[in-house]
Amino acid sequence: MHTLNSSKIEITTFFLIGIPGLEHVHIWISVPICLTYLVAILGNCTILFVIRVEPSLHAPMSYFLCMLAVSDVGLSFSSLPTMLRIFIFNATGISPNACFAQEFFIHGFTDMESSVLLVMSFDRFLAIHNPLRYSSILTNVRVAKMGLVFLIKSVLLVFPFPVTLKRLTYCRKSLLSHSYCLHQDVMKLACSDNTVNFFYGFFVALCMMSDSGFIAVSYVFILKTVMGIGSNKERLKALNTCVSHICAVLIFYVPIIALAFMHRFGKHKSPRAMILIADIFLLVPPLMNPIVYCLKT
């Protein structure tokens with residue numbers, strides 16, 4: 001720490017938190033966390049490898065699945081170091097610069113995954129609504145351009161996060177609320193004016209939640225198209241192509257929405273429950289997406 005003036009001391013180390021009240025079993029909690037990360041990373045890397053070497057999988061939906069796998073691997077590697085340090089070594093300290101970098105990658109890969117899930121819903125609508133023109137509309141070149149746009153959009157959208165956080169002054173409070181750094185969590189520790197951070201964070205959250213709204217709209221059109229199919233067998237066959245994507249959307253958005261509702265409406269919210277849901281948000285999607293798509297495909 002170093003002195004700002006006679007009344008304020010700037011904090012040079014933030015402290016993350018494990019699971020309150022269960023510190024004595026953190027070492028045992030680290031075992032399923034390690035296994036979850038291992039399966040998630042191996043599963044997503046396997047998807048990338050199989051699609052790379054199998055020519056029959058060189059199709060738009062498979063490329064979107066690759067983008068989803070890259071996002072999941074990025075989320076895993078972004079949160080893995082600090083969570084394992086906390087649960088295995090009880091090392092909760094993290095420097096501000098490392099914290100800002102971590103929240104940049106977590107928010108960036110989260111936004112990228114949200115964008116990929118959105119375009120995958122449009123992909124399913126196009127495949128059901130206009131199957132004869134599907135391959136001519138979604139060419140490999142267009143899919144590659146979409147992936148590049150997603151990457152640039154995610155980087156530009158979250159780049160102001162670490163920049164604006166670095167401009168704030170942190171004093172008095174240094175304890176964060178999760179096992180990793182998030183923008184809204186770090187922002188609350190500042191003792192200087194964080195109005196810009198608050199409104200920009202709200203804007204980014206709206207952008208990501210708008211993805212879920214567009215996904216819902218795309219499924220309204222999908223259902224409308226399916227209901228126009230005469231045969232019940234053909235209807236079920238068309239809907240069956242969306243099952244994996246629906247599962248991926250629920251796995252990704254349900255923890256986010258649950259956490260948002262707990263922050264907003266939970267009068268007697270349990271810190272342990274909030275930390276558990278926040279950890280599920282980063283642990284479960286990278287683990288379950290390969291399982292869901294591999295079982296289906």
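Pairs passing the side chain to side chain donor-acceptor pair (under 3.5 Å) check and including a residue from residues 84-99, sequence neighbours excluded, read Asn97-Lys166. For residues 36-59, every residue pair satisfying the side chain to side chain donor-acceptor pair (under 3.5 Å) rule, not counting sequence neighbours, is listed here: Tyr37-Ser79, Glu54-Ser56.
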Legend entry - Phe77 and Phe109: CA distance, side-chain angles, deciding distance, ring-ring contact (aromatic ring centres under 6.0 Å, His included) verdict: CA-CA 10 Å; Phe77 280 120; Phe109 283 115; 9.6 Å; no
Inset, instruction - In sequence, state the C-alpha distance, the side-chain angles, and the governing distance for Tyr63 and Leu57, and then conclude on side chain to side chain contact (heavy atoms under 4.5 Å, CB included). - result: CA-CA 8 Å; Tyr63 292 139; Leu57 295 177; over 6 Å; no
Legend entry - Residues Ile27, Ser30; criterion side chain to side chain contact (heavy atoms under 4.5 Å, CB included); working and verdict: CA-CA 5 Å; Ile27 189 65; Ser30 68; 4.0 Å; yes
Inset, instruction - Go through the steps to decide whether Leu65 and Leu68 satisfy the test side chain to side chain contact (heavy atoms under 4.5 Å, CB included), and finish with yes or no. - result: CA-CA 5 Å; Leu65 185 54; Leu68 191 65; 4.3 Å; yes
Inset, instruction - Test Leu138 against Met146 for side chain to side chain contact (heavy atoms under 4.5 Å, CB included), laying out the working first. - result: CA-CA 10 Å; Leu138 275 182; Met146 287 180 186; 3.6 Å; yes
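Here the side chains of Met208 and His107 are not in contact, with every heavy-atom distance at 4.5 Å or above. No side-chain heavy atom of Leu84 sits under 4.5 Å from any side-chain heavy atom of Phe89. Proximity of Val226 to Ile222: side-chain heavy atoms (C-beta onward) are separated by under 4.5 Å at one or more points. The shortest side-chain heavy-atom distance between Leu157 and Phe203 falls under the 4.5 Å cut-off. At least one side-chain heavy atom of Ser179 sits under 4.5 Å from a side-chain heavy atom of Asp279. Leu16 is not listed as a side-chain neighbour of His178, based on a closest heavy-atom distance of 4.5 Å or more. With contacts defined as side-chain heavy-atom distances shorter than 4.5 Å, the pair Ile41/Asp72 does not qualify. No side-chain heavy atom of Asn130 sits under 4.5 Å from any side-chain heavy atom of Phe125.
Among the candidates Phe161, Phe104, Phe198, the single residue satisfying the side chain to side chain contact (heavy atoms under 4.5 Å, CB included) test with His183 is Phe161.
Separation of atoms CZ (Phe199) and CG (Asn194) is listed at 10.0 Å; rounding is to 0.5 Å. Separation of atoms CG (Asn197) and CG (Leu165) is listed at 5.0 Å; rounding is to 0.5 Å. Atom CD of residue Glu103 and atom CG of residue Leu176 lie 11.0 Å apart, to the nearest 0.5 angstrom. Rounded to the nearest 0.5 Å, atoms CG (Leu117) and CZ (Phe122) are 12.0 Å apart. Once rounded to the nearest 0.5 Å, the distance linking OG of Ser177 with CG of Leu189 reads 7.5 Å. To the nearest 0.5 angstrom, Leu276 atom CG is 9.5 Å from Leu283 atom CG.
Counting heavy atoms of neighbouring residues, nucleotides and ligands inside a 6.0 Å radius, atom CZ of Phe105 does not exceed 12 of them.
Taking all atoms of both residues into account, the shortest heavy-atom contact from Tyr293 to Ser244 is CE2-CB, 3.5 Å. The minimum heavy-atom distance between Thr110 and Ile106, with the atom names listed, is OG1-O, 2.6 Å. Residue Met67 comes nearest to Val143 through the heavy atom pair CE-O, 3.3 Å, listed as atom of the first residue, atom of the second, then distance. The minimum heavy-atom distance between Ser154 and Asp111, with the atom names listed, is OG-OD2, 2.9 Å. Across Ala69 and Ile47, no two heavy atoms sit closer than the pair CB-CG2, 4.4 Å. Ile86 and Gly18 get closest at one heavy-atom pair: CG2-CA, 3.8 Å.
For the pair His26 (side chain) and Ile19 (backbone), a donor-acceptor distance under 3.5 Å is present. No donor-acceptor pair closer than 3.5 Å links the side chain of Ser121 to the backbone N or O of Ile215. A distance-only check finds no donor-acceptor pair linking the side chain of Thr13 to the backbone of Gly93 [under 3.5 Å]. Thr139 contributes no side-chain N or O that, together with a main-chain N or O of Ser136, makes up a donor-acceptor pair within less than 3.5 Å. The backbone N or O of Ala278 sits less than 3.5 Å from a side-chain atom of Tyr180, completing a donor-acceptor pair.
Side-chain contact annotation: Thr12 with Tyr170, donor-acceptor N/O pair under 3.5 Å absent. Checked by atom type, the side-chain pair Tyr134/Asp123 shows a donor-acceptor distance below 3.5 Å. Donor-acceptor pairing under 3.5 Å is lacking for the side chains of Ser78 and Gln102. Counted by atom type alone, Tyr219 and His245 present one or more donor-acceptor pairs between their side chains at under 3.5 Å.
Connection of Val70 to Ile251 is not established within any shared hydrophobic cluster, with ILVMFWY side chains joined at heavy-atom distances below 4.5 Å, either directly or through further cluster members. Under a hydrophobic-cluster definition in which Ile, Leu, Val, Met, Phe, Trp and Tyr are linked whenever side-chain heavy atoms come within less than 4.5 Å, directly or via other members, Val31 and Phe87 are assigned to different clusters. Leu282 and Leu250 end up in the same hydrophobic cluster when Ile, Leu, Val, Met, Phe, Trp and Tyr side chains are linked at under 4.5 Å. A single hydrophobic cluster is seen to contain both Phe159 and Leu75, as judged by linkage of ILVMFWY side chains at heavy-atom distances under 4.5 Å, directly or through other members. Placement of Met120 and Val217 within a single hydrophobic cluster is found when ILVMFWY residues are connected by side-chain heavy-atom separations under 4.5 Å, directly or transitively.
Aromatic ring pairs are classed by plane angle as parallel below 30°, tilted from 30° to 60° and perpendicular above 60°; the pair Phe252 and Phe281 is tilted.
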